[in-house]
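Keep in mind that this is a model prediction, so the values were computed, not measured. Just so it is clear: chains get the letters A, B, ... in the order the sequence lines come, proteins before strands, and each one is counted from 1.
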Amino acid sequence: MNPEFYDRPVLEVARDLVGCTVTHGQTSGVIVETEAYHQSEPACHAYAGVTPRTSTLFGPPGLSYVYRSYGIHALLNAVCEPEGVGAAVLIRALEPRAGIELMRERRGVMGQTQLCSGPGKLTEALGIGLHLNRTDLSGGPIAIGPRGAEPRIVAGTRIGITRAVELPWRFCAAGSPHVSRPWPPAMRRRAA
DNA sequence: CATGGGATTGACT
DNA sequence: GTCAATCCCATGC
């Protein structure tokens, strides 16, 4: 997808990324869960302003932002909005498509819904590390491609944060078993 | 230069 | 339900 796709309000991009395909090497998956982050709210790393760590977030749209979480996991984001605005979409879960056996080896689990059902899980399954920070998502080693049919989307509040917890900036593909837990309330009510 | 915290996960009670 | 693992970096002295 071209940089223009990301040069829009981060909430629009987060919603439109659900259903798109992420590819790295032999492995790929369809995005089933995203979260939006923006410099205007305190859960976003860019809230602190431009620092060596956050400079990627303020860079041109369409770049990757990969950072280490809890000293253990690499988390993958897509930088959005015009250069100078700090915003990104966190890729939280995928439905595995290609290279599933390789994902199983990397993750050490067999179940398809356990391979990529979390932001730290999917980077491990796809082999995405910190060295892929600030790479081009349209022509770089990580490629994000367009979706087919538009999926039905369920919105909820973001997961695992301590500030601005009330914002409904999490977007899930309705009924997908590959979404990370806990599922949004609107999705638990009825099976799919 | 020392310190503390975090957009998580998996193992355990 | 609780808790530890583990490291980059922001912050403060």
Side-chain angles (χ1 to χ4, degrees), chain A residues 6 9-15 17-18 20 22 29 31-59 61 63-81 85-96 103-135 137 142 144 153-173 177-184 188:
Chain A
Y6 302 96
V10 68
L11 285 177
E12 288 183 20
V13 181
R15 184 174 273 272
L17 275 176
V18 177
C20 293
V22 180
I31 298 173
V32 296
E33 180 181 356
T34 63
E35 282 177 3
Y37 288 87
H38 188 271
Q39 65 181 54
S40 63
E41 43 89 14
C44 183
H45 293 169
Y47 185 72
V50 181
T51 67
R53 181 199 199 187
T54 64
S55 65
T56 305
L57 288 169
F58 291 88
L63 291 180
S64 65
Y65 170 55
V66 183
Y67 76 98
R68 188 168 300 288
S69 174
Y70 292 94
I72 301 176
H73 307 285
L75 270 55
L76 172 64
N77 299 252
V79 174
C80 296
E81 310 227 2
V85 178
V89 174
L90 170 67
I91 312 297
R92 281 195 60 90
L94 305 176
E95 176 182 333
M103 290 185 187
R104 287 197 172 115
E105 286 176 31
R106 286 169 173 161
R107 292 271 300 118
V109 298
M110 293 305 290
Q112 289 226 12
T113 59
Q114 304 169 73
L115 293 176
C116 300
S117 56
K121 297 179 185 178
L122 71 90
T123 54
E124 184 179 25
L126 298 213
I128 293 172
L130 298 190
H131 61 289
L132 292 172
N133 186 35
R134 214 181 175 104
T135 58
L137 292 174
I142 306 171
I144 299 185
I153 307 273
V154 171
T157 54
R158 295 178 294 182
I159 300 299
I161 55 174
T162 57
R163 293 177 292 183
V165 294
E166 73 286 353
L167 295 176
W169 286 8
R170 180 193 188 200
F171 302 97
C172 300
H178 302 277
V179 167
S180 69
R181 304 298 188 92
W183 290 356
R188 270 174 281 173

Checklist entry - Closer to the 5' end of DNA chain B via nearest nucleotide, is it L57(A) or K121(A)? => result L57(A)
Checklist entry - Between R53(A) (CZ) and dA7(B) (C1'), how many Å, whole number? => result 9 Å
Item to check | Spacing of I161(A) atom CD1 relative to dG6(B) atom P, expressed in whole Å | outcome: 11 Å
Item to check | Candidate nucleotides dA5(C), dA7(B), dC8(C), ranked by approach to the side chain of I72(A) - the nearest | outcome: dA5(C)
Next on the checklist: Applying a 4.0 Å non-hydrogen cut-off, can you work out what L90(A) is touching in the nucleic acid: base, sugar-phosphate, or nothing?
Outcome noted: base
Checklist outcome for this item: Closest of dG6(B), dT9(B), dC8(C) to the P119(A) side chain is dT9(B)
Checklist entry - Between R170(A) and S180(A), is any pair of side-chain heavy atoms under 4.5 Å apart? => result yes
Checklist entry - Just wondering, do M103(A) and C116(A) contact through their side chains at under 4.5 Å, heavy atoms? => result yes
Item to check | Watson-Crick or G-U stems of DNA chain B, 3 or more pairs, under 3.5 Å, by first number | outcome: B:1-6 with C:7-12, B:8-12 with C:1-5
Next on the checklist: For a quick check of understanding: with a heavy-atom distance under 4.0 Å over all strands, which category does R92(A) fall into, base, sugar-phosphate or nothing?
Outcome noted: sugar-phosphate
Item to check | Distance, rounded to the nearest Å, where Y47(A) contributes OH and dA10(C) contributes P | outcome: 16 Å
Next on the checklist: Do S117(A) and K121(A) make a side-chain contact, defined as non-hydrogen atoms from C-beta onward lying under 4.5 Å apart?
Outcome noted: yes
Next on the checklist: Would you say T51(A) places a side-chain N or O within less than 4.0 Å of OP1 or OP2 belonging to dA10(C)?
Outcome noted: yes
Item to check | Distance in angstrom units between E33(A) CD and dT8(B) C1', rounded | outcome: 13 Å
Checklist entry - dA10(C) P sits how many Å from Y67(A) OH, rounded? => result 13 Å
Next on the checklist: Should Y37(A) be counted as stacked on dA7(B), where stacking needs a ring-centre gap under 5.5 Å and an angle between planes under 30 degrees?
Outcome noted: yes
Checklist outcome for this item: From CZ of R181(A) across to P of dA11(B) the rounded distance in Å is 16 Å
Item to check | Main-chain N/O of R134(A) paired to S64(A) side chain as donor or acceptor, under 3.5 Å | outcome: yes
Checklist entry - Could you give the CZ-to-C1' distance, from R68(A) to dG6(B), as a whole number of Å? => result 13 Å
Checklist entry - How many Å lie between OH on Y70(A) and C1' on dC7(C), as a whole number? => result 13 Å
Item to check | E81(A) side chain reached by Y6(A) side chain, heavy atoms, under 4.5 Å | outcome: no
Checklist entry - Base, sugar-phosphate alone, or nothing: which one does R107(A) contact when heavy atoms must sit under 4.0 Å apart? => result sugar-phosphate
Checklist entry - Has R158(A) got its NZ or CZ under 6.0 Å from the middle of the six-membered ring of Y37(A), at an angle within 45 degrees of the ring axis? => result yes
Checklist entry - Is there side-chain contact between W183(A) and V154(A), with heavy atoms separated by less than 4.5 Å? => result no
